[in-house]
Amino acid sequence: MLLGPPAMSDIPRNRLGLPETLWWTEGELYLLDQTQLPLAVVAERQESIEQVSASIQALKVRGAPAIGVAGAYGLLVGVRAARDLPVEKFLALVESKAAWLGEARPTAVNLKWALRRMVEFARAQAPGAADSGALYDLMAGEARRIHDEDRELCRMIGVHGAELIAPDSGVLTHCNAGSLATSEFGTATSPMYVAHQEKVPFRVYADETRPLLQGARLTSWELQQAGIDVTLLTDNMAAHLMAQGRVDLVITGTDRVAANGDVANKIGTLGVAILARHFEIPFYVALPSSTIDFDTPDGGGIPIEERRAEEVTEFGARRTAPEDVQVYSPAFDVTPHELVAGLITEKGIVRPPFGENLRTMFQR
Ligand code: MRU
């Protein structure tokens with residue numbers, strides 16, 4: 001076990017050579033602190049489920065798939081001290097901790113999805129488990145499977161999506177749906193990483209993504225680290241770039257896809273999709289199937305997180321707005337499926353009609 005925060009040399013790297021977003025070793029959960037990127041590459045051991053929840057809320061770990069995986073391991077952190085309880089009591093604790101952790105952030109469905117999967121797994125295994133310690137070990141195996149599957153699902157998004165990136169084209173993305181937001185290849189970035197591995201020349205335009213700058217701090221950093229040609233722009237520059245004919249394709253990630261194909265993603269995505277329609281640029285959304293919510297019929301039912309006013313009234317630590325000004329800060333918006341050319345998934349690119357095609361491809 002590591003004592004204190006891991007030094008940079010102790011942070012494991014993934015197959016892209018980028019630092020792991022999170023990892024589980026010797027019964028401990030470590031999260032890369034994404035709030036410190038790109039200035040510092042540091043990770044934190046999570047001592048309690050309360051700390052995991054706070055890390056999710058503070059965006060130390062963020063991005064829909066990554067918070068799902070963090071949730072699965074975070075649940076283990078929350079119940080590991082209770083392994084001497086009788087199985088029935090241990091299971092009740094698993095259920096209540098999972099319900100509590102699932103409230104950390106509302107929009108990305110992956111968090112609740114992963115926690116529900118952990119609880120259902122624990123319920124199914126409990127009758128055959130010798131004691132709570134044995135059940136805990138089985139649950140740790142399930143959390144690892146969620147993590148490993150995410151790695152593979154995201155890689156397959158790239159395998160299917162890379163064909164969209166034509167040689168010498170310009171690809172615009174918003175926020176960070178990258179390696180940092182998932183277990184490895186990212187979602188929106190996965191076609192980029194695969195195309196880059198296939199030596200296709202292309203350039204990426206990364207929207208800065210106000211207010212918390214995931215595009216500037218994270219996407220431009222990770223693509224640069226991976227040797228991909230990336231250019232950073234502020235959010236209000238995208239229209240100009242498109243008007244100049246420099247953008248051939250838009251790919252973003254998503255936090256939740258409703259049953260009809262409406263997609264919630266980082267605030268500003270809707271504006272990019274409307275611009276793309278105006279300039280007749282195909283707008284694609286990349287996701288693993290863990291991001292599809294068949295229980296929510298359309299985007300109107302997706303809960304939208306609102307964030308603290310200070311994230312808008314300050315830039316870094318510096319105040320940039322008058323004291324006491326009223327602020328509205330939704331963290332996500334919903335892009336109607338009519339604006340989406342296709343959903344790039346691990347099983348292939350889903351085309352309209354999305355409702356029907358998503359059901360055929362993914363609903364059991
Ligand atoms: O608030 P964040 O940084 O968690 O928002 C993340 C996004 O909007 C991503 O695009 C989305 O979660 C997909 S991540 C593969």
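Both counts, for ligands and for their atoms, begin at 1 and track the order of listing. Quick caveat: nothing in here was measured; it's all calculated off a predicted structure.
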Check your understanding: Got the closest protein heavy atom to atom 9 (C) of ligand 1, with its distance?
Key -> Asn265 OD1, 3.4 Å
Revision key, fill the gap. Of all protein heavy atoms, the one nearest atom 13 (C) of ligand 1 is Thr254 O, 3.4 Å
Review point. Donor-acceptor pair, Ser183 side chain versus Asp150 backbone, under 3.5 Å?
Key: no
Review point. Which atoms of ligand 1 have any heavy atom of Ala64 under 4.0 Å away?
Key: 12 (O), 14 (S)
Point to revise | Close-contact set for ligand 1 against Ala181 heavy atoms, below 4.0 Å | key: 14 (S), 15 (C)
Point to revise | Nitrogen or oxygen atoms of Thr182 and ligand 1 under 3.5 Å apart | key: no
Check your understanding: Parallel, tilted or perpendicular for Phe202 and His196, by the 30°/60° rule?
Key -> perpendicular
Exercise for review: Flag the pair Arg319 and Glu310 as a salt bridge only when some basic side-chain nitrogen lies within less than 4.0 angstrom of an acidic carboxylate oxygen.
Suggested key: no
Check your understanding: For Gln244, does the CD atom have more than 12 heavy-atom neighbours from other residues, nucleotides or ligands under 6.0 Å away?
Key -> yes
Review point. Out of curiosity, is Ala331 lining ligand 1, as in a heavy atom under 4.0 Å away?
Key: no
Review point. Can you tell which part of Cys175 has a heavy atom less than 4.0 Å from ligand 1: side chain, backbone, both or neither?
Key: side chain
Point to revise | Atoms in ligand 1 flagged as close to Gly63, the criterion being non-hydrogen separation under 4.0 Å | key: 4 (O), 12 (O), 14 (S)
Check your understanding: Closer than 4.0 angstrom: is that true for some heavy atom of Asn176 and an atom of ligand 1?
Key -> yes
Point to revise | Residue and atom name of the nearest protein heavy atom (relative to atom 15 (C) of ligand 1), distance in Å to one decimal | key: Thr187 OG1, 3.1 Å
Exercise for review: Say whether Gly178, considering both its backbone and side-chain N or O atoms, lies within less than 3.5 Å of an N or O atom on ligand 1.
Suggested key: no
Point to revise | Qualifying residue, where the test is side-chain hydrogen bond (donor to acceptor under 3.5 Å, both in side chains) with Lys60 and the options are Gln51, Glu44, Gln36 | key: Glu44
Practice item. Given side chain to side chain donor-acceptor pair (under 3.5 Å), test Thr107 with Asp255 step by step and report yes or no. Key: CA-CA 6 Å; Thr107 304; Asp255 289 81; over 6 Å; no
Point to revise | Protein residue, atom and distance nearest to atom 4 (O) of ligand 1, heavy-atom basis | key: Arg105 NH1, 2.8 Å
Review point. Does Asp207 use its side chain to pair, donor to acceptor, with the backbone of Thr209 at less than 3.5 Å?
Key: no
Exercise for review: Identify the protein heavy atom lying closest to atom 3 (O) of ligand 1, giving its residue, its atom name and the separation to 0.1 Å.
Suggested key: Arg62 NE, 2.5 Å
Revision key, fill the gap. Nearest non-hydrogen protein atom to atom 5 (O) of ligand 1, with distance, is Lys266 CE, 3.3 Å
Review point. Hey, are Glu356 and Arg359 close enough for a salt bridge, meaning a charged N less than 4.0 Å from a carboxylate O?
Key: no
**Study point:** Element-labelled atoms of ligand 1 that are located less than 4.0 Å from some non-hydrogen atom of Ala177
**Key:** 10 (O), 14 (S), 15 (C)
Check your understanding: What atoms of ligand 1 come closer than 4.0 angstrom to any heavy atom of Gln214?
Key -> 1 (O), 2 (P), 3 (O)
Exercise for review: Among all protein heavy atoms, pick the one closest to atom 7 (C) of ligand 1 and tell me residue, atom and distance.
Suggested key: Asp255 OD1, 3.4 Å
Practice item. Fit a plane to each ring of Tyr73 and Trp24, take the angle between them on a 0 to 90° scale, and name the class: parallel (under 30°), tilted (30 to 60°) or perpendicular (over 60°). Key: parallel
Exercise for review: Please state whether Ala108 comes within less than 4.0 angstrom of ligand 1, counting heavy atoms only.
Suggested key: no
Exercise for review: Between Pro65 and ligand 1, find which residue part has any heavy-atom pair under 4.0 Å and reply side chain, backbone, both or neither.
Suggested key: side chain
Review point. Any Lys/Arg nitrogen of Arg151 or Glu149 sitting under 4.0 Å from an Asp/Glu carboxylate oxygen of the other?
Key: no
Review point. When you measure from the side chain of Asp33 to the backbone N and O of Val42, does any donor-acceptor pair fall under 3.5 Å?
Key: no
**Study point:** Cys154 backbone acceptor or donor facing Glu346 side chain under 3.5 Å
**Key:** no
